[in-house]
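To start, the structure itself, in C-alpha cells.
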Amino acid sequence: MSAPKKDIQLVPYQQQDEPARRAAITTVDFPLDGLSDNDIQVLGHLMEAAEGINPIFRYQYEPKSFIIRPLILSMIKHADEETGTILDNYLTLLDLQNSPYALLPRKNHLLQIPENKLRELAKKACGDCPQRLEAVIDLLTSDHATPDKAHFYPNDLTDEEYDTIKNHPVNSRIIRDTKGKPKVQMNEVRYKEALKPVICHLRKARDLTDNLSFRLYLDSKITELELGSEESRRIADYTWVRHDSPIDIVLSTALEVYLDNYKNARGAASGGVYVRNTAAEELLKALVDHVKTWETTAPWTYRKEEIDPEKLPKLKFVDALCWSGDYVTGPFTTIAQSLPNDEWVIQNVGTVNMVYMNTGRAVHKVSGELASKEFLLADEFEQVKELVFDANQLHSALHEIGHTTGKLAPEHAGKNPNQLIEEEYSYLEESRAELFGLWSLRELVKDGVIDELKARACYDGMLISMIMSLKFDPVQAHNKARNGMFHWFEEKGIIKRVEEDGKTRFAFDHDRAHDAVHEMLGVIGDIKATGDKQAAIKLRETYVYTDDFKAEVEQRTSDFPLGRGLIFPRLKKDADGNYLRELEYADSFSDQVKFCKELVEK
C-alpha cells in the first residue's frame, strides 16, 4: 500500500441499452489531529471490524460476487494488455457496486469481452476457473435486471407465501425449510462465523476506549451481533444515541432497507467508522434548537405536541475513516444519514443525524459545480456557485432531521411505517425528508441562522438534484422522490424551463417555492402517518414517471462522472500489530482490504 498514483481516475463501463459511462475514483482525506495514541488504537480495531461487514453485504446482494471476483483476478494474470485493462475496469465496477449489479439504473454491468475469449482465458488460468466461468458467464455478458429481492428471499417466493409469515425482523432473510416452506432465518445465525472477527475487534476497541458511554455502546453492539434479538438491537440503538464519544462506529447486519426493493422490510449490512468534525458546532446547535418549532408548526396533521429535550435529534458533522457494505453501492454516495431506523427507538429515545464531511468534499472534488453550471440560468449560477457545497451540506443535515420528525396516527402508534406502506415506503420517506429540508429553511432565515442567499442556494441545489434524477427511469427510492418533486413543482409553475444560449435551463420561482413545498410536505406527511398505501401509490402514479427531458439530460451530462469510488486510508501497523499514527492508501480502488475478504462460513 502507498499513496495512490492518480488523485482522480475515470473508469469506463457499460450496461445494456445504456450510453457508455465513466465512474470517478478518488481518495478521501482523514485528519488525525487531536487524536491520542489510545484513540488511534481504538480507531484501528473499529476500522477492521467495519471492513469485516463487507462480505456479509455482498452475500445479501449477490452471492455470485464471490465467484466473479477471484475469477477476474485469475484471468487478468493471463490476459494481454488491452483485455487486462477491460477486466481490471470491470473489477473496479464490481467493487464499486459491491455486486455485478447497479441500483441506478437497475441492471448489471457487462464485461466487454467475447465469450469465446473469456473461455480461453479461463482455461489458461487453470484450476476450477472454467467451471467458475460457466457459473457466471451469463451474468457477465448478458442483460439482467437488478433483483428486487436481492438475496433476502427465495426467487420463487410469492406474495401469498410472504403473507403467511407473521414476523419480519429487519435483520433476517427468508429461506425454505426441508419441506420447501418459507421460514425466517436471523442474520446473526446465518453469519455467525463471519461476525466472530468483527466482534473480536469490537471487544479490543471496547477494552481500549477511555470513554465509558462508548464502552457501554460497544458492549451492547457486541451483544446485538451475538443475539440479534429486537431487545438487543434496541439497547444497542439506545446506547449509540446516548454516547458522547467523538469516535464512533455504525455497524449492523441490517441497516438501511433500500436493497430490499421487494417489500422494503429487510436491511443490508453496513459498517462505517467516524470522528466528529467540530468545525460547525455552532450551526449544529442552532439547527437542533429549531426542532421544537418545526415539530409544532409542521404542515402535517399529526404533530408532536410535547417534546422531551432528551429525545431531540443529535446532529453531528463527521469525517469517515472507512465505509463498507451498504455504504459502497454506487453510483450514489451517502451524503448524510439519520439513524436508528426503528420507529420505537425514534419516538422513545431519539436519533442521531450525521453529515459526512470528508467524503462530501471528495465527491465535490470530482463533480463539483458541473450540473449547476449546465442547468441553472447563468445569472443564478453566478449568484450561488460559491455556496453550492455548503448549501448541499446544510440541506443534507436538514434532510436527516426531517427523517426524525412527525409521528404516526394514534391507531398506528408503535408500528414501523414501512410495515404499513411496504414497497412504497422508501420513496415516500425520502420525498418527505427532501421537502422538510427545504421547508425548514424559512425559519433559519427568519432567525438569522443563515441568510437569504444560502437558502436560495439550497433550493437551487435541490433543483439540480431533481433535474439530474430525470436522467434515469424512476426506480430507485431517492430518484423516485426527486422525480416526483420535480413534476409536482413544475405542475404548480414553481419550476420553469427557460431557453438561454440555445439551451433549456431551469429556474425556481423562489417567491412561491416555500408555499408549494409546504403543501406537498403536508400531503406526504399525512400519507405516512396514516399508513395510506393506496394514497402513496396514487401520488407516485401521478407524479413519478420518465420525463421527455431524459434524453437531453443524458446528452448534456454524458461527460459527467456517474458513480464515485472512494479510496479510504488505513492506519498502518508496526511489527507487533499496533496501529501507527500514519495513513496509507491502497494502490487501486479494488486493492482496498474490505473487497478482498471472503465470507467466513462453517
Side-chain angles (χ1 to χ4, degrees), residues 237 241 256-257 283-316 335-355 394-410 412-421 424-447 449-450 455 458 462 477-478 481 485 514 516-532 535-536 539:
D237 285 345
V241 170
E256 304 282 18
V257 298
L283 173 61
L284 298 182
K285 183 179 184 304
L287 298 186
V288 173
D289 286 347
H290 280 77
V291 170
K292 290 183 180 180
T293 299
W294 290 329
E295 284 280 20
T296 55
T297 60
W300 47 68
T301 302
Y302 299 98
R303 298 170 178 157
K304 294 177 183 175
E305 297 175 357
E306 295 183 6
I307 300 172
D308 183 347
E310 289 295 312
K311 298 175 186 174
L312 286 173
K314 293 178 172 59
L315 190 57
K316 298 179 182 179
I335 299 172
Q337 198 169 28
S338 175
L339 296 170
N341 292 313
D342 186 314
E343 188 68 21
W344 186 92
V345 176
I346 292 172
Q347 299 300 332
N348 292 280
V349 181
T351 60
V352 176
N353 306 278
M354 295 181 293
V355 179
L394 171 61
H395 182 263
S396 296
L398 295 170
H399 170 115
E400 298 309 326
I401 290 175
H403 281 307
T404 72
T405 58
K407 66 178 184 179
L408 294 178
H412 298 311
K415 296 180 181 178
N416 280 331
N418 64 327
Q419 297 171 338
L420 304 171
I421 313 176
E424 304 294 330
Y425 171 73
S426 289
Y427 107 83
L428 193 79
E429 179 60 13
E430 290 306 323
S431 302
R432 197 179 72 89
E434 294 281 43
L435 290 161
F436 180 91
L438 297 176
W439 175 82
S440 57
L441 291 168
R442 174 171 285 189
E443 201 69 26
L444 296 179
V445 173
K446 176 185 173 183
D447 291 347
V449 177
I450 62 172
C458 287
M462 192 69 247
H478 297 82
M485 289 167 59
H514 178 82
V517 168
H518 182 98
E519 180 185 358
M520 189 176 189
L521 180 57
V523 169
I524 289 177
D526 283 345
I527 291 174
K528 175 188 175 181
T530 57
D532 191 342
L539 187 75

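If you read the sequence from its start, that first residue is 1, and numbering goes on from there.
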_In the structure I gave you, are the side-chain heavy atoms of N341 and V257 within less than 4.5 Å of one another anywhere?_
no
*How far apart are the closest heavy atoms of A477 and S426, and which atoms are they?*
CB-CB, 3.7 Å
*Answer yes or no: is there a side-chain heavy-atom contact under 4.5 Å between T530 and T301?*
no
*Looking at CG of D289 and CG of L284, how far apart are the two atoms once the value is rounded to the nearest 0.5 Å?*
10.5 Å
*Would you say the side chain of I524 lies within less than 4.5 Å of the side chain of W300, judging by non-hydrogen atoms?*
no
*Can you find a pair of side-chain heavy atoms, one from V349 and one from V241, that are under 4.5 Å apart?*
yes
*OG1-NZ distance between T293 and K446, expressed to the nearest 0.5 angstrom*: 8.5 Å
Could you pull out every donor-acceptor pair under 3.5 Å between side chains of residues 435-444 and any protein atom, sequence neighbours left out?
unit_1: W439; atom_1: NE1; unit_2: H518; atom_2: ND1; d: 3.2
unit_1: S440; atom_1: OG; unit_2: F436; atom_2: O; d: 2.9
unit_1: S440; atom_1: OG; unit_2: G437; atom_2: O; d: 3.4

*Is there a side chain to side chain contact (heavy atoms under 4.5 Å, CB included) between E256 and L339 once you walk through the steps?*
CA-CA 9 Å; E256 304 282 18; L339 296 170; 4.1 Å; yes
*How close do V355 and S396 get, heavy atom to heavy atom, and via which atoms?*
CG2-C, 4.4 Å
*Any chance you could measure I335, atom CD1, to M354, atom CE, to the nearest 0.5 Å?*
14.0 Å
*Which atom of G531 lies closest to which atom of I421, heavy atoms considered*: CA-CG1, 4.1 Å
_Strictly distance-based, threshold 3.5 Å: is any side-chain N or O of D532 a donor or acceptor partner for the main-chain N or O of A535?_
yes
*With sequence neighbours left out, what residues match L312 under side-chain contact (heavy atoms from CB on, under 4.5 Å)?*
V288, V291, K292, I307
*Taking C-beta and beyond as the side chain, do E434 and M462 meet within less than 4.5 Å on heavy atoms?*
yes
*Main-chain N/O of E343 paired to N416 side chain as donor or acceptor, under 3.5 Å*: yes
*Given R432, which of V523, I527, L521 fulfils the side-chain contact (heavy atoms from CB on, under 4.5 Å) condition?*
L521
*Write down the atom of Y425, the atom of P417, and the distance for their closest heavy-atom approach.*
CE1-CG, 3.6 Å
*State, with a plain yes or no, whether a side-chain heavy atom of K316 is found less than 4.5 Å away from one of N353.*
no
_Please report the interatomic distance NE2(H290) to OG1(T297), rounded to the nearest 0.5 Å._
10.0 Å
*What is the minimum heavy-atom distance between A397 and L287, and which atoms define it?*
CB-CD1, 4.1 Å
_Pair H403-Q337, side-chain donor/acceptor within less than 3.5 Å_ = no
_Minimum heavy-atom distance K415-L408, with the two atoms named_ = O-CD1, 3.2 Å
*Between the main-chain N or O of G525 and the side-chain N or O of Y302, is there a donor-acceptor pair closer than 3.5 Å?*
no
*What distance do L428 atom CG and N418 atom CG have between them, rounded to the nearest 0.5 Å?*
12.0 Å
*Charged N-O contact under 4.0 Å between E295 and R303*: no
_Taking S338's backbone N and O only, do any of them form a donor-acceptor pair with E400's side chain (distance below 3.5 Å, no angle check)?_
yes
*asked:* Please report the interatomic distance OG1(T351) to CD(Q347), rounded to the nearest 0.5 Å.
replied: 10.0 Å
